[in-house]
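Presented below is the structure to which this report refers.
Residue numbers count from 1 along this sequence. Start at 1 and go down the list; that is how both ligands and their atoms are numbered.
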Amino acid sequence: MQYKVFEEMKLLRVARVPRRYAREVRWLPQIGDVVPDFKAETTAGPLSFHDWAGGSWVYLFSHPAAFTPVCSTEMVSLAKSVTDFQGRNVKLLGVCSSPLEEQRQWHSDMARSLGADISFPMIADTQRILSDLFGMLHREESGECTVRKSLLIGPDRRIRVISETPILVGRNTEEILRQIDAVQTVDAYNVGVPADWRKGEPCLLLPGAYGEPRFDFWRSMRMVRSYLTYVGNPWQIAFGANERKQAA
Ligand code: BEZ
């Protein structure tokens with residue numbers, strides 16, 4: 001089966017796709033898209049997404065099923081890191097196709113036996129409407145369950161990070177927090193974030209940003225190549241700059 005991709009009536013490319021996609025045209029979330037509003041039943045009561053999110057960031061993640069091993073370890077890990085998310089102004093919201101009552105029983109059991117206090121809402125998406133909307137159902141992986149898909153959504157409701165992991169591979173909460181730090185650093189200081197970066201480490205000066213007077217980047221600049229210049233930890237540099245401004 002061939003699927004033709006056109007732009008302004010000009011044939012761009014021909015991609016081979018599975019036969020069943022021949023008649024499907026649907027939205028698949030992409031970085032930069034605004035997340036549509038929706039209402040849902042959750043373990044913390046009914047929720048209207050835009051109102052609930054308010055001015056916060058949101059980490060929206062799918063969870064294949066209640067009372068399953070990999071999911072249990074992820075829930076414990078997220079529950080233990082709730083304050084780390086709160087400290088970054090990020091609200092957690094899960095999408096799980098298991099019914100509400102089953103999820104509540106699972107959470108109670110994990111609270112008793114694993115010490116995990118699941119304080120964030122989990123949607124009961126029993127009809128898989130949201131799972132489908134957000135492209136969380138990958139039919140070659142499972143006809144029943146979602147894969148482990150996560151969206152980091154900014155306060156302006158735009159998607160900033162999308163990640164997908166197979167059902168049997170649990171996500172890494174430290175990596176999720178690292179990505180949040182990275183995106184928030186990019187937003188705050190208009191810098192690039194290098195590979196394997198962790199908060200507090202040097203960032204990258206963007207092409208054309210040499211003349212920017214906002215922070216004392218020039219003090220910490222380390223030019224490696226004409227196209228690769230590191231700057232010190234912008235959070236620290238900016239803090240120093242603010243302190244100096246207040247002292248003056
Ligand atoms: C798990 O979380 O371990 C799991 C979830 C769905 C199907 C199989 C395993």
Sorted by chain and number, sequence neighbours left out, ring pair (Phe, Tyr, Trp, His ring centres under 6.0 Å) with Phe49 holds for Phe38

Any donor-acceptor N/O pair, Lys91 side chain to Trp52 backbone, under 3.5 Å: yes

The salt bridge (Lys or Arg N to Asp or Glu O under 4.0 Å) partners of Arg222 (sequence neighbours excluded) come to none

Greater than 12 external heavy atoms within 6.0 Å of Asp156's CG:
yes

Apply side-chain hydrogen bond (donor to acceptor under 3.5 Å, both in side chains) to Trp197 and Asp181, showing your working.
CA-CA 10 Å; Trp197 175 90; Asp181 286 340; over 6 Å; no

Excluding Ile180, membership of its hydrophobic cluster (Ile, Leu, Val, Met, Phe, Trp, Tyr; side-chain heavy atoms within less than 4.5 Å) reads Trp57, Tyr59, Phe61, Phe67, Met75, Val76, Leu78, Val82, Phe85, Val90, Leu92, Trp106, Met110, Leu114, Ile118, Phe120, Met122, Leu152, Val161, Ile176, Leu177, Val183

Does ligand 1 have any N/O pairs with the protein under 3.5 Å, and how far apart?
from, atom 1, to, atom 2, distance (Å)
ligand 1, 2 (O), Thr68, OG1, 3.1
ligand 1, 2 (O), Val70, N, 3.2
ligand 1, 2 (O), Cys71, N, 2.8
ligand 1, 2 (O), Arg148, NH2, 2.9
ligand 1, 3 (O), Pro69, N, 3.4
ligand 1, 3 (O), Val70, N, 2.8

